[in-house]
Amino acid sequence: MLDIQLLRKDLTAVAVKLASRGVTLDTARIEQLEAERKAIQVSTQDFQARRNQLSKQIGQARGKSEDASTLLAEVASLGDDLKAGEARLAGIQEDLSALLMTIPNLPHESVPVGRGEQDNLEVRRIGTPRAFPLPALDHVEIGENLDLLDFPTAVKITTSRFVLIRGALAHLHRALAQFMLDTHTREHGYQEVYVPYLVNADSMRGTGQLPKFEEDLFKLTNGMYLIPTAEVPVTNIVRGEIIPAENLPIKLVAHTPCFRSEAGSYGRDTRGMIRQHQFDKVEMVQFVRPEDSYDALEELTSHAEAILRKLDLPYRVVALCSGDLGFSAAKTYDLEVWLPGQNTYREISSCSNFEAFQARRMQARYRTEKDGKPGKPELIHTLNGSGLAVGRTLVAVLENYQNADGSVTIPEVLRPYMNGASAISRE
RNA sequence: GGAGAGAUGGCAGAGUGGUCGAAUGCGCCGGAUUCGAAAUCCGGUUUACAGCUUGCUGUAACGGGGGUUCGAAUCCCCCUCUCUCCGCCA
């Protein structure tokens, strides 16, 4: 959610920035609603002040057992105007906030301007794709040849876009998540958290999935939602809280399954594990002081990169352009891993600074200090990033570590998690 | 699932129709006292929004929503959550 003050003060500048995201702001409607709001709020508050004053006098008169009938008559005359004003004001406030909830965040000044994916800016490229003597297989062939990746059975159990993983590959999948959590907790200073996978609508609104993107979510019959990312439960930990300044930054990491309906992605990535209704992800979340959030974004991104480096997977870092940014993000770096089977880089992590956008929706604040004295509560900045998407990391390991004999070498750093095994072969 | 109790400020906890944004205690901040500290004493200490002379004034908020009333923390209805007992259960 944007700051309503900013819209009042500089609506044109907001509209210009949003235009760079490809979003047209209905400035005329906002101006009109604001003008109405102001007029009605002032008059309504005047009515309320008068009513409160008269009511107080009635109470005093009653206390002295005096006649209050003239006061009662006057307050009665306020009645209809007051009620009508209150109702109109509530209606307009509702319209305004509903509108505000659907406006995306403003891009940071460092975000490249562009329309879509093709305008994203490659920031750096790390590692060299390995040369394969024969055309590299994709993870589906590798996994099915090993008899450890089973899509047809998953379809039988549920529907498409699910997978069944067996044996050493399931173990490798678990090892990856463990390795990521251990790295972030031991080397990067994150506290591990275990969180609910079902959340309420308030939490979904807090991080920005609702009200605009309900069709991307799985909703249960009791009104709860399956989380599309650990970002939702983890970030909402601080919803409605005022955090002592000395507790910042707070750095949390969680390993959760993620559920996405993938509505509207029919035909895209239908093969393999790239786009699934259910996948595991290790997610890092940071709560920081506003002045620290852009340093924190670089740091967070480097934490996600550390996993790819340790796994020795070639990747590149891409700064999303204004037109490709997610709804709540002010700036995002995508990490794209090299997939030999697709002969391309594919997204494996997304690291974003949301500035105060989510914090304002959640009313997540921290207590500032002025010369050692407690000051006013101010909105924190929130960040998060995948560190990493576990399913896609498994894909990347399979494809990058495949051998000509059909086996897959286990990356060094994962071997302690795999009982020391160095490769996965057909059992 | 059944029966009952409850939800008030950072915390504890009063308040059952009016001068209550809310007693009191704890905590926190400032000051006095002290060589310094503890103890003691004095003062301060919620948030959001609006208006304008930016410091004041006003409005709203006692789990959430609705209602009764000139006036609701207080009365009525609905919802959510918490606790206790019983049942069931990984």
Side-chain angles (χ1 to χ4, degrees), chain A residues 1-9 30-101 194 196-206 210-211 219-225 233 236-248 257 356 359-380:
Chain A
M1 193 161 73
L2 297 179
D3 186 358
I4 183 76
Q5 309 286 359
L6 185 66
L7 273 90
R8 286 179 191 148
K9 211 165 42 184
I30 291 173
E31 276 170 344
Q32 187 220 330
L33 279 171
E34 257 303 306
E36 278 184 57
R37 188 227 94 225
K38 190 163 171 174
I40 295 168
Q41 185 163 353
V42 169
S43 74
T44 302
Q45 289 188 356
D46 284 347
F47 278 125
Q48 288 171 328
R50 184 68 189 143
R51 181 208 52 203
N52 291 347
Q53 197 184 5
L54 290 168
S55 292
K56 201 171 261 186
Q57 287 173 11
I58 291 168
Q60 284 165 346
R62 287 271 163 88
K64 291 182 252 172
S65 51
E66 293 168 0
D67 177 39
S69 55
T70 47
L71 293 168
L72 280 167
E74 188 182 344
V75 88
S77 73
L78 291 176
D80 289 347
D81 287 342
L82 180 64
K83 279 228 166 76
E86 281 176 341
R88 270 189 78 193
L89 183 61
I92 285 171
Q93 301 274 40
E94 213 168 288
D95 288 352
L96 267 171
S97 73
L99 185 67
L100 207 56
M101 287 293 273
Y194 172 82
Y197 304 154
L198 298 179
V199 300
N200 57 33
D202 282 341
S203 291
M204 286 295 187
R205 271 190 289 271
L210 290 180
K219 185 179 188 176
L220 305 188
T221 50
N222 67 359
M224 306 267 268
Y225 297 85
N236 275 280
I237 288 172
V238 297
R239 173 152 53 87
E241 300 292 325
I242 299 176
I243 302 163
E246 65 267 23
N247 290 5
L248 298 177
R360 189 171 293 108
R361 290 173 161 240
M362 295 191 298
Q363 279 303 298
R365 293 165 297 173
Y366 74 108
R367 183 77 67 179
T368 54
E369 293 169 48
K370 250 190 268 168
D371 316 317
K373 294 182 195 171
K376 277 192 74 86
E378 278 179 31
L379 296 169
I380 59 167

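Note on naming: letters A, B, ... go to the chains in the order of the sequence lines (proteins, then strands), and numbering restarts at 1 for each one. Computed from a prediction, not measured in an experiment: that's the story for all the values here.
- B:rC81: Watson-Crick or G-U partner is B:rG6, with both key distances under 3.5 Å.
- Separation of the P atoms belonging to B:rC20 and B:rG31 is 31 Å when rounded to the nearest angstrom.
- Using atom C1' as the reference point in both B:rG58 and B:rA3, the two lie 48 Å apart (nearest Å).
- Atom CD1 of A:Ile242 is separated from atom P of B:rG27 by 21 Å (rounded to the nearest Å).
- The side chain of A:Arg367 places an N or O atom within less than 4.0 Å of a non-bridging phosphate oxygen (OP1 or OP2) of B:rU47.
- Counting to the nearest Å, the C1' atom of B:rC49 and the CG atom of A:Asp3 are 12 Å from each other.
- Atoms CG (A:Asn52) and P (B:rU69) sit 17 Å apart, rounded to a whole Å.
- B:rC20 is unpaired under the criterion used here, namely a Watson-Crick or G-U wobble arrangement in which both key atom distances are under 3.5 Å.
- The one candidate from A:Leu96, A:Leu100, A:Leu99 that meets the side-chain contact (heavy atoms from CB on, under 4.5 Å) condition with A:Leu7 is A:Leu100.
- With rounding to whole Å, A:Glu74 atom CD is found 15 Å from B:rG71 atom C1'.
- In this structure the side chain of A:Leu54 reaches within 4.5 angstrom of the side chain of A:Gln57, judged on heavy atoms.
- Inter-residue side-chain proximity for A:Leu82 and A:Glu86 is flagged as met; some heavy-atom pair is nearer than 4.5 Å.
- Between B:rU19 and B:rU33, the two P atoms lie 40 Å apart (nearest whole Å).
- Set against B:rG51, B:rU47, B:rU19, the side chain of A:Lys38 has B:rG51 as its closest nucleotide.
- Enclosure of atom CZ in A:Arg239 by more than 12 non-hydrogen atoms of other residues, nucleotides or ligands within 6.0 angstrom is indicated.
- In this structure, the side chains of A:Lys9 and A:Asp3 stay at 4.5 Å or more apart for every pair of heavy atoms.
- Regarding A:Gln60, its CD atom lies at a distance of 9 Å from the C1' atom of B:rG18, rounded to whole Å.
- With distances taken from any side-chain atom of A:Gln41 to the nucleotides B:rU47, B:rC49, B:rA60, the minimum falls on B:rC49.
- B:rC41: Watson-Crick or G-U partner is B:rG31, with both key distances under 3.5 Å.
- When the C1' atom is used for both B:rC85 and B:rC77, the distance is 28 Å, rounded to whole Å.
- For the 3.5 Å distance criterion, the side chains of A:Gln53 and A:Arg50 qualify, holding a donor opposite an acceptor.
- For A:Gln45 and B:rA60, the CD to C1' distance is 8 Å, given to the nearest whole Å.
- Within the 4.5 Å cutoff, the side chain of A:Leu220 has heavy atoms near those of the A:Leu198 side chain.
- Among B:rU59, B:rU47, B:rG18, the nucleotide with an atom closest to any side-chain atom of A:Gln48 is B:rU59.
- No contact: A:Arg50 has no heavy atom under 4.0 Å from any strand.
- Checked against B:rU59, B:rG51, B:rG18, the side chain of A:Ser55 finds its nearest nucleotide in B:rG18.
- A 3.5 Å limit on both hydrogen-bonding distances identifies B:rA61 as the Watson-Crick or G-U partner of B:rU46.
- Taking for each of A:Ile4 and A:Leu72 the nucleotide of RNA chain B with the nearest heavy atom, the 5'-most of the two is the partner of A:Ile4.
- The nucleotide B:rG1 finds its pairing partner in B:rC86, both defining distances of the Watson-Crick or G-U wobble pair being shorter than 3.5 Å.
- Taking the C1' atom of each, B:rA5 and B:rG63 are spaced 16 Å apart, rounded to whole Å.
- A gap of 39 Å separates the C1' atoms of B:rG17 and B:rG30, to the nearest Å.
- In this structure, the nucleotide among B:rG71, B:rU19, B:rC52 sitting nearest to the side chain of A:Arg51 is B:rG71.
- The partner of B:rG36 cannot be assigned: no Watson-Crick or G-U wobble pair with both contacts below 3.5 Å exists in any strand.
- For A:Ile58, the listed nucleotide lying nearest its side chain is B:rG18; candidates were B:rU19, B:rU47, B:rG18.
- Remark: the backbone N or O of A:Gln93 is not paired with any side-chain donor or acceptor of A:Arg37 at under 3.5 angstrom.
- Nucleotide B:rG64 holds its P atom 12 Å from the CG atom of A:Asp202, rounded to whole Å.
- Within 4.0 Å (heavy atoms only), A:Ala76 reaches no atom of the nucleic acid at all.
- Comparing the same atom, C1', in B:rA22 and in B:rU47 gives a spacing of 14 Å after rounding to whole Å.
- Atom-to-atom, CD of A:Glu86 to P of B:rG71 comes out at 10 Å; the value is rounded to the nearest Å.
- Across the strands present, B:rC56 finds its partner in B:rG51; the criterion is a Watson-Crick or G-U wobble pair with both atom distances under 3.5 angstrom.
- Both A:Gln5 and A:Leu54 lie close to RNA chain B; mapped to their nearest nucleotides by heavy-atom distance, the more 5′-ward contact belongs to A:Gln5.
- Pair check for B:rA73 finds none; no Watson-Crick or G-U wobble contact set falls under 3.5 Å.
- Side-chain nitrogen and oxygen atoms of A:Arg365 include at least one within less than 4.0 Å of the OP1 or OP2 phosphate oxygen of B:rA48.
- Using atom C1' as the reference point in both B:rU46 and B:rU8, the two lie 12 Å apart (nearest Å).
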